[in-house]
Amino acid sequence: MYPFTFTKASDTRDALNAGQRGGRYIAGGTTLVDLMRETVERPETLVDISDLPLREITVTERGGLRIGALVRMAEAAAHTTVRTTYPVISQALELSASAQLRNMATIGGNIMQRTRCTYFRDVTAACNKRDPGSGCAAQDGFNRTHAILGTSESCVATHPSDAAVALAALEATVHLLGPNGERGIPFADFLLRPGSTPNREQALRRGELITAVEIPSHPRPLKSGYLKVRDRQSYEFALTSVAVALHIRGGVVREARVAAGGVGTVPWKLPAVERRLIGERPSDRLWTEAAQQAAEGARPLEHNRFKVELLKRTVERQLRVVGGTK
Ligand code: SF4
């Protein structure tokens, strides 16, 4: 470790002021403290925001579900409305990390967490995300767990969050507060693909604070679920995962929301799969045909070619689980 300043924000204004001066927000600390120990991150000032009033889960006037940024992962997973209305979120959270980490980590921190690329965490390795311009050791290194979608010459790291995949599928909004006031940003625009600047990961302005994520109301009830495929059944990141939410009425798929994890540099929405489903009658054939669209545009690396087929099979299986078999 190295010397740094630690302050505790007494209120939101206090936090924003500290953030404007370059302070890094910390709440559960389950990612940032690890990275500081490994000297991957070296913030000069930490601003503890744990006491800010951002720990509520509420149904909004518009009928959406608003989850405060400081709600713990375990709290969100166990919340009655989340469990009953959006089981895909509960399942994604419960398949993440360990019970101890879920009791500490917050929703805001979860979507902000940084990649598990081993080269990113090895300060002796070339890594454009950690050290812009230094190169990318994963391109010609061991890249079995890396991304096949949304990659660039600069970076091929996956985004590690499971909850973010569910939020992407449900087309959530991220609510932010900054010196110039509040704004909401679609989840699809919040996390950035690497392009030539993989060190820039979120569309946050200096000092902005995540206050909540909001899942829009769905007038038609969605049946949903999350499937995660990994090397071991506990405490492991996804090789592939998929969040599926469907509305089926009168024997026809009326709405479809599908996103994948473990394969993209950001949680990967699958619009081609969604389009193939809409207006069709559920059947094994439909699930199989729709899943074939899942890896559209994939650019596998030397060691992760298996993810192309695994992604299709993961999508097919979860469509069948959520949509039923006919
Ligand atoms: Fe760094 Fe990204 Fe390359 Fe990993 S894949 S070494 S995070 S630049």
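Counting convention: from 1, in listed order, for ligands and their atoms alike. Basis for what follows: all heavy atoms, side chains included, without hydrogens, waters or symmetry-related copies.
At a 4.0 Å heavy-atom cut-off, ligand 1 does not touch Pro198 at all.
A donor and an acceptor atom, one from each side chain of Asn199 and Thr197, are nowhere located under 3.5 Å apart. Of the N and O atoms on the side chains of Thr173 and Glu214, not one donor lies less than 3.5 Å from an acceptor on the other residue. In this model, no donor atom of one side chain and acceptor atom of the other lie less than 3.5 Å apart for Asn304 and His146. Ser241 and Tyr226 form a side-chain donor-acceptor contact under 3.5 Å, judged by distance and modelled atom types alone.
Within the structure, the closest approach of Gly141 to ligand 1 does not fall below 4.0 Å when heavy atoms are considered. Every heavy atom of Pro194 sits 4.0 Å or more from the atoms of ligand 1.
No path of Ile, Leu, Val, Met, Phe, Trp and Tyr side chains, each step under 4.5 Å between heavy atoms, connects Phe187 with Leu54, placing them in separate hydrophobic clusters. Linking ILVMFWY side-chain heavy atoms closer than 4.5 Å, directly or via other members, places Ile111 and Leu177 in two distinct hydrophobic clusters.
Closest to atom 4 (Fe) of ligand 1 by heavy atom, among Cys117, Ser134, Ser154, is Cys117.
Close approach of ligand 1 to Ala138 is summarised as follows: ligand atoms under 4.0 Å from at least one heavy atom of the residue are 5 (S). Of all atoms in ligand 1, numbered sequentially from 1 with element shown, those under 4.0 Å from a heavy atom of Phe120 are 7 (S).
Nearest to atom 1 (Fe) of ligand 1 among the protein's heavy atoms is Cys127 SG, 2.3 Å. Summary of contacts: the protein heavy atom closest to atom 6 (S) of ligand 1 is Tyr119 CB, 3.5 Å.
Atom 2 (Fe) of ligand 1 lies under 2.8 Å from an N, O or S atom belonging to Cys155.
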